[in-house]
A.B. asks: 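The structure under discussion is supplied below as structure tokens; questions concerning it will follow.
What you see below is based on every heavy atom in this structure, not just the backbone, and it leaves out hydrogens, waters and symmetry mates. Being a predicted model, the structure only gives us computed values, none of them experimental.
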Amino acid sequence: MQIHRPSPRAPADVRVLDARTLGRPVHLLHRFVGPLREDLAEVFRTGLNRRYRASFELNDVTIGRLDMVPPRCRWLQYSDATGRIGFAIERQVLLCVLDYRYGARDGSGASTQGAAPVPETATEERLAGMLGRQFVSALAERIEWLPETGSAETCVHEFTEGAGSPPAAGTWCVRAQVAEPTRGVEGCLWFVLDDAWMQRLLSRLSPLRPATGRAPAAPLATRLSLTLVGRLLEKEVPLGVLLDARVGDVIPVSMGVTDVLVDDARLFTARVAEHKGKLCLTAFEDVE
């Protein structure tokens with residue numbers, strides 16, 4: 001009788017755990033790359049394909065630690081209050097975009113891959129910076145607004161652009177594969193997240209945990225609700241003028257200091273101001 005024993009798993013099938021990711025929700029990163037792919041594809045659709053009748057396609061988008069530095073890339077760095085995001089677009093993709101914006105260098109519109117290297121121009125540098133700002137902004141907005149968690153408020157990131165340097169192996173990197181089948185061009189977009197931006201992404205991916213135990217009572221000043229009544233204006237009108245008033249007549253008034261009452265007790269005075277089409281009370285003062 002033969003006993004069939006399971007063959008040992010090949011080393012390639014064994015997943016090696018990175019001790020640096022233990023306790024962090026890296027297994028949820030797939031929830032981020034799917035919506036990000038749609039955002040980046042939308043930038044291509046609205047900014048390039050629709051405007052220049054191009055046919056750029058966004059294929060796989062992956063995120064992970066960088067094994068090797070991508071060759072032949074010019075790196076840019078975008079910084080804001082949160083941290084830094086590195087960006088690079090492979091040159092064959094950038095030159096293809098350049099051809100669509102300003103017309104192909106050769107009349108045929110064929111791919112520039114395999115041709116002799118073309119010297120980098122100032123126009124090419126400006127185009128790389130403009131595309132980088134668009135794609136990095138889309139990445140930052142997606143981190144702030146993940147579909148599972150949403151966002152309490154819209155965060156606007158004002159990035160400062162500068163020259164970047166190739167990232168070191170082991171840094172977190174987003175890789176987006178791009179193709180333009182009409183001209184036979186293929187390449188990648190690269191985004192490198194520093195520790196601050198990666199921590200922000202992972203914290204947005206972390207599921208909300210239910211509170212355990214009873215939360216401490218809030219201070220009385222935050223739990224006690226009072227109704228404020230603003231007496232906007234008072235105007236004395238002679239009885240004869242009031243009796244002669246008709247529909248459509250205008251009684252001129254002017255906004256001055258307003259009384260603020262709580263249960264008919266006059267506690268404050270305030271001024272009336274307009275903010276985004278609404279009347280608001282401001283400049284509160286105690287009534288002596």
Side-chain angles (χ1 to χ4, degrees), residues 31-32 34-36 38-53 78-82 101 130-131 133-161 200 203-204 207-208 210-211 214-288:
R31 300 181 182 179
F32 166 69
L36 175 63
E38 293 301 320
D39 294 341
L40 299 179
E42 184 65 18
V43 176
F44 275 111
R45 280 193 295 267
T46 58
L48 296 174
N49 291 352
R50 185 181 303 171
R51 179 176 300 178
Y52 304 111
R53 297 183 180 180
Y78 295 86
S79 306
D80 73 340
T82 301
R101 279 178 65 91
M130 183 196 70
L131 293 176
R133 186 172 295 273
Q134 293 179 0
F135 287 121
V136 168
S137 296
L139 171 67
E141 290 177 9
R142 177 49 59 189
I143 291 177
E144 298 294 352
W145 195 282
L146 289 171
E148 288 81 5
T149 57
S151 178
E153 58 183 9
T154 303
C155 297
V156 179
H157 295 275
E158 298 292 339
F159 287 104
T160 301
E161 179 185 330
R200 195 175 188 90
S203 65
R204 303 287 290 128
L208 297 176
R214 186 175 180 180
L220 177 63
T222 60
R223 289 186 287 117
L224 184 61
S225 298
L226 298 176
T227 301
L228 297 182
V229 177
R231 184 182 295 162
L232 295 183
L233 61 92
E234 291 182 359
K235 184 175 181 63
E236 293 184 1
V237 179
L239 179 59
V241 175
L242 183 61
L243 294 177
D244 293 338
R246 296 291 182 267
V247 176
D249 289 351
V250 177
I251 300 176
V253 297
S254 60
M255 290 288 187
V257 177
T258 299
D259 292 334
V260 181
L261 300 86
V262 176
D263 291 337
D264 295 329
R266 181 169 172 264
L267 299 182
F268 307 99
T269 60
R271 294 190 178 276
V272 180
E274 182 180 352
H275 179 67
K276 295 183 178 179
K278 297 181 179 179
L279 293 179
C280 304
L281 297 180
T282 184
F284 281 77
E285 294 184 3
D286 293 328
V287 176
E288 297 181 352

A.B. asks: With sequence neighbours excluded, what pairs up with Tyr78 under the ring pair (Phe, Tyr, Trp, His ring centres under 6.0 Å) test?
C.D. replies: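 Partners of Tyr78 by the ring pair (Phe, Tyr, Trp, His ring centres under 6.0 Å) criterion come out as none, since no residue qualifies.
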
A.B. asks: Please list, chain by chain and in numerical order, all residues satisfying side chain to side chain donor-acceptor pair (under 3.5 Å) with Arg101, sequence neighbours excluded.
C.D. replies: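 If we apply the side chain to side chain donor-acceptor pair (under 3.5 Å) test to Arg101, skipping adjacent residues, the hits are Tyr52.
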
A.B. asks: State the OG-CZ distance between Ser137 and Phe159, to the nearest 0.5 angstrom.
C.D. replies: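 That separation rounds to 5.5 Å.
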
A.B. asks: Measure the shortest side-chain to side-chain distance between Thr258 and Phe268 over non-hydrogen atoms and say whether it is less than 4.5 angstrom.
C.D. replies: no

A.B. asks: Once side-chain contact (heavy atoms from CB on, under 4.5 Å) is applied, do any residues pair with Val257, and if so which ones, sequence neighbours excluded?
C.D. replies: Thr269, Arg271

A.B. asks: Under the side-chain contact (heavy atoms from CB on, under 4.5 Å) rule, collect the residues that match up with Asp244, sequence neighbours excluded.
C.D. replies: none

A.B. asks: Return the set of residues passing side-chain contact (heavy atoms from CB on, under 4.5 Å) with Thr82 (not counting sequence neighbours), or none when no residue passes.
C.D. replies: Asp80, His157, Trp197, Arg200

A.B. asks: Can you measure from CZ (Phe32) to CZ (Arg204) and round to the nearest 0.5 angstrom?
C.D. replies: 11.0 Å

A.B. asks: Would you be so kind as to tabulate the donor-acceptor pairs closer than 3.5 Å made by side chains of residues 39-47, with sequence neighbours excluded?
C.D. replies:
unit_1 : atom_1 : unit_2 : atom_2 : d
Asp39  : OD1    : Arg142 : NH2    : 3.2
Asp39  : OD2    : Arg142 : NE     : 2.6
Asp39  : OD2    : Arg142 : NH2    : 3.1
Glu42  : OE1    : Arg45  : NE     : 3.1
Glu42  : OE1    : Arg45  : NH2    : 2.7
Thr46  : OG1    : Glu42  : O      : 2.8

